[in-house]
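We use all heavy atoms of the structure for the numbers below, so side chains are in, but hydrogens, waters and symmetry mates are not. Just so you know, these numbers come straight off a predicted model, no measurement behind them.
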Amino acid sequence: KLDDFDVRQLYECNWIVVNCSTPANFFHVLRRQILLPFRKPLIIFTPKSLLRHPEARSSFDDMLPGTHFLRVIPDSGPAAQNPEQVKRVLFCTGKVYYDLTRERKARQMEADVAITRVEQLSPFPFDLLQREAQKYPAAELVWCQEEHKNQGYYDYVKPRLRTTINRAKPVWYAGREPAAAPATGNKKTHLTELQRLLDTAFNLDAFKDLA
């Protein structure tokens, strides 16, 4: 059975855009597409590299009857257990989530930084992201993406996320600078840019002078 609210949202959109980070969510979005009483284009941005990523795994329990597609996957670690103490919430979508979690663990910041995955980009999950923002009242909000600033989701997500929180606080950006090409073509440069992204995402003073 499909969630009634989800079905109403899907009726109102022209297409469905997702970026799944788990096998279970990929399974469920395809299953949902089959079960929908109407057909609209489904665009899946999930990269093929996640097929062999050691951390991109799901239990079969996540695909049993009673489970469903998750438009947003909240943080379930130490940050979620003590949300009032969280200093920053990183919103992201897709593969970059695994880079962020690995870096967070290396820096021992699991209690300071929450990471929320946006699995469905259109229709935008206003309701769930509002719940996430309200859960961490003292936290900065940051959008993280692997793509260059002018080529990823930031310009689409930022105004919608700010609408979700009634423009109560800024939505900062952690990612690559604008560029004409979608990729550097050089592995060393790529890794340097990725490390700069991670440094910005986990430097709690990165936006201090911009507020």
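- L42 is listed as a side-chain neighbour of L30, based on a closest heavy-atom distance under 4.5 Å.
- Put simply, the side chain of N19 reaches to within 4.5 Å of the side chain of Y153, judged on heavy atoms.
- To the nearest 0.5 Å, atoms OG1 (T163) and CG (L129) are separated by 12.0 Å.
- Neither V17 nor L70 shares a network with the other; the hydrophobic side chains, linked directly or stepwise wherever heavy atoms of I, L, V, M, F, W or Y lie under 4.5 Å apart, form separate groups for each.
- Under a cut-off of 6.0 angstrom, the local environment of CD in E177 is sparse, with at most 12 non-hydrogen atoms contributed by other residues, nucleotides or ligands.
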V89/K135 under side chain to side chain contact (heavy atoms under 4.5 Å, CB included): CA gap, chis, key distance, verdict: CA-CA 10 Å; V89 180; K135 182 177 180 179; over 6 Å; no
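- Around the OH atom of Y154, the shell of radius 6.0 Å holds more than 12 heavy atoms that belong to other residues, nucleotides or ligands.
- In the hydrophobic clustering of ILVMFWY residues, with side-chain heavy atoms under 4.5 Å counting as a link, L194 and V142 come out together.
- Put simply, the side chain of H28 gets close to the backbone of D62: a donor and an acceptor are under 3.5 Å apart.
- Of the residues H148, Q145, Q151, E193, the one that meets the side-chain hydrogen bond (donor to acceptor under 3.5 Å, both in side chains) test with R176 is E193.
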From CA spacing to verdict: side chain to side chain contact (heavy atoms under 4.5 Å, CB included), F26, L50: CA-CA 11 Å; F26 188 81; L50 285 186; over 6 Å; no
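- R31 places no side-chain N or O within 3.5 Å of a backbone atom of H68 that could act as its donor or acceptor partner.
- Considering Q81, R117, R104 in turn, R104 is the only one that fulfils the side-chain hydrogen bond (donor to acceptor under 3.5 Å, both in side chains) rule with D75.
- Rounding to the nearest 0.5 angstrom, the gap separating the CE atom in M63 from the OG1 atom in T67 is 8.0 Å.
- For the pair Q120/V18, a side-chain contact is recorded, criterion being any heavy-atom separation below 4.5 Å from C-beta on.
- Y98 places a side-chain N or O within donor-acceptor distance of the main-chain N or O of S21, the cut-off being under 3.5 Å.
- Within the structure, the salt bridge (Lys or Arg N to Asp or Glu O under 4.0 Å) test picks out the following pairs touching residues 41-60 (sequence neighbours left out): E55-R102.
- The shortest non-hydrogen separation linking V29 to C20 is CG1-SG, 4.0 Å.
- The same ILVMFWY cluster, assembled from side-chain heavy atoms under 4.5 Å apart, contains both V118 and F126.
- Using a 4.5 Å heavy-atom cutoff, the side chains of F91 and E132 are in contact.
- The two residues K87 and L204 make their nearest non-hydrogen contact at CD-CD1, 3.4 Å.
- A 4.5 Å side-chain heavy-atom check between V113 and L100 finds every atom pair outside the cut-off.
- If you run side-chain hydrogen bond (donor to acceptor under 3.5 Å, both in side chains) between R107 and each of D199, D112, N203, only D199 comes through.
- The shortest non-hydrogen separation linking W15 to S122 is O-OG, 3.5 Å.
- Tracing side-chain contacts under 4.5 Å through hydrophobic residues (I, L, V, M, F, W, Y), one never reaches V96 starting from L191; they form parts of separate clusters.
- Side chain of K169 to backbone of A139: a donor-acceptor contact under 3.5 angstrom is found.
- To the nearest 0.5 angstrom, Y156 atom OH is 10.0 Å from W143 atom CH2.
- For residues 144-166, the salt bridge (Lys or Arg N to Asp or Glu O under 4.0 Å) pairs, not counting sequence neighbours, are K95-E146.
- Using a 4.5 Å cut-off on side-chain heavy atoms (C-beta onward), D61 and L64 make contact.
- Separation of atoms CD1 (I73) and OG1 (T22) is listed at 4.5 Å; rounding is to 0.5 Å.
- Residue P23 comes nearest to S58 through the heavy atom pair CD-OG, 3.2 Å, listed as atom of the first residue, atom of the second, then distance.
- Rounded to the nearest 0.5 angstrom, F69 CZ and N25 CG are separated by 4.5 Å.
- Distance CZ/F202 to CG/L90: 5.0 Å, rounded to 0.5 Å.
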